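First comes the structure, then the notes that go with it.
Basis for what follows: all heavy atoms, side chains included, without hydrogens, waters or symmetry-related copies. What you see is a predicted model; the values in this text were computed from it and never measured.
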Amino acid sequence: MQRAMTVVPHLGLRLQALPLALGRPLSRAQDVLRRTPLYDFHLAHGGKMVAFAGWSLPVQYRDSHVDSHLHTRRHCSLFDVSHMLQTKILGCDRVKLMESLVVGDIAELRPNQGTLSLFTNEGGGIEDDLIVTSTSEGYLYVVSNAGCWDKDLALMQGKVRELQNMGSDVSLEVVDNALLALQGTVTSGCPSPCLKKNVAMGYVPSEYSRPGTPLLVEVRRKQQMAVVSKMPFVTTNYYTLK
């Protein structure tokens, strides 16, 4: 269900649509591909951007794959996971939940230690790979593939409900990174001289309509941060005669 709500974009007016393009060079599809917060960084370092699971991601930089491999082995490299499914598993039975889904020994993880593991189905077959980290804050942090987002989330949600129905203390929270682009439509918008930023009204799924919810909007092919706001955008200070 969708309902009307208000959006206050810092510099933008059009909410970005969610594409279905997968693993192909960018062309006109670039206009609708989602971008991670490091998109400009990737371009500045010569990233060759391609479409993957609806996102614009670098498949290679200026250096060759061999150079990148040797740099990682000899020094260190970082991987942008902004496009991937990220979830928190909370509750006293969080380890029980994960060990019912994956083949890794989650109970033996030290605080802030992670492990690469595999999602399995009821027949013991492999569904996807993922990384599970046991955080010092008392929850499991799970990162799995963008291409399997819906399948992985449904798998985890189903198991959470199953254990909850059996009385287990466990819950799941999808990490928002205030960075995920959301499907929606802006109906009107304009600059606000008082606020010195753009304001707009539009539609988003009801679960993202709470005031204060962060969104990404697309403006002239660039993504900008926005936040859901109540009306009026500017508090009134006029008086009415009675």
Side-chain angles (χ1 to χ4, degrees), residues 18 22 34-39 41 52-55 57-58 72-73 76-183 204-210 212-216 225 227-228:
L18 303 185
L22 294 173
R34 288 172 284 176
R35 298 171 180 175
T36 74
L38 295 179
Y39 176 82
F41 175 89
F52 177 77
W55 293 84
L57 298 173
T72 302
R73 288 296 188 183
C76 181
S77 292
L78 299 177
F79 184 75
D80 182 6
V81 300
S82 304
H83 63 292
M84 302 177 75
L85 174 62
Q86 301 167 61
T87 53
K88 293 180 180 180
I89 309 298
L90 307 99
C92 296
D93 296 314
R94 60 188 180 277
V95 172
K96 176 182 178 181
L97 168 73
M98 287 310 301
E99 291 196 339
S100 70
L101 293 171
V102 304
V103 297
D105 190 353
I106 307 303
E108 294 302 315
L109 290 176
R110 298 187 300 275
N112 297 321
Q113 181 184 16
T115 183
L116 177 66
S117 193
L118 300 169
F119 273 132
T120 56
N121 55 35
E122 296 297 329
I126 297 173
E127 293 288 333
D128 194 12
D129 60 345
L130 71 159
I131 296 175
V132 182
T133 300
S134 179
T135 71
S136 58
E137 287 80 12
Y139 62 86
L140 299 178
Y141 182 67
V142 182
V143 178
S144 54
N145 289 303
C148 300
W149 182 297
D150 293 339
K151 180 181 68 174
D152 290 349
L153 185 57
L155 183 65
M156 285 192 283
Q157 288 176 330
K159 183 60 70 171
V160 167
R161 286 193 294 267
E162 178 183 326
L163 291 180
Q164 286 176 339
N165 290 337
M166 297 171 60
S168 294
D169 175 23
V170 64
S171 62
L172 180 148
E173 175 186 324
V174 177
V175 179
D176 195 6
N177 286 344
L179 301 172
L180 300 180
L182 302 175
Q183 186 177 23
V204 297
S206 58
E207 60 266 32
Y208 301 111
S209 63
R210 184 187 299 273
T213 300
L215 305 172
L216 280 181
M225 293 299 302
V227 63
V228 177

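No more than 12 heavy atoms of other residues, nucleotides or ligands sit less than 6.0 Å from atom CG of L78.
Here the side chain of T87 pairs no donor or acceptor atom with the backbone of Y141 at under 3.5 angstrom. Formation of a donor-acceptor pair under 3.5 Å by the E99 side chain with backbone atoms of A107 is found in this model. Formation of a donor-acceptor pair under 3.5 Å by the D93 side chain with backbone atoms of V170 is not found in this model.
Checked options L97, L116, D129, L130; the residue passing with V102 is L130 (criterion: side-chain contact (heavy atoms from CB on, under 4.5 Å)).
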For this session: Any chance you could lay out the side-chain contact (heavy atoms from CB on, under 4.5 Å) test for K88 and V175, step after step, and finish with the verdict?
Result: CA-CA 7 Å; K88 293 180 180 180; V175 179; 3.8 Å; yes
For this session: Apply side-chain contact (heavy atoms from CB on, under 4.5 Å) to M156 and L85, showing your working.
Result: CA-CA 12 Å; M156 285 192 283; L85 174 62; 4.1 Å; yes
Exercise. Passes side-chain contact (heavy atoms from CB on, under 4.5 Å), I106 versus T115? Steps please.
Worked result: CA-CA 8 Å; I106 307 303; T115 183; 4.2 Å; yes
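Residues L90 and Y139 come closest through the heavy atom pair CG-CB, 4.0 Å. A pairwise comparison of heavy atoms in T72 and S77 identifies OG1-OG, 2.6 Å as the closest pair. What you find for S82 and D80 is that their closest heavy atoms are OG-OD1, 2.7 Å. Annotation for A146 and H83: closest pair CB-O, 3.3 Å, computed over non-hydrogen atoms.
Here salt bridge (Lys or Arg N to Asp or Glu O under 4.0 Å) pairs that include residues 138-164, with residues two or more places apart or in two chains, are E127-K151, K159-E162.
For the side chain to side chain donor-acceptor pair (under 3.5 Å) test, residues two or more places apart in sequence or in another chain that qualify with D128 are N145.
Residues L109 and V95 fail the side-chain proximity criterion, which asks for heavy atoms closer than 4.5 Å.
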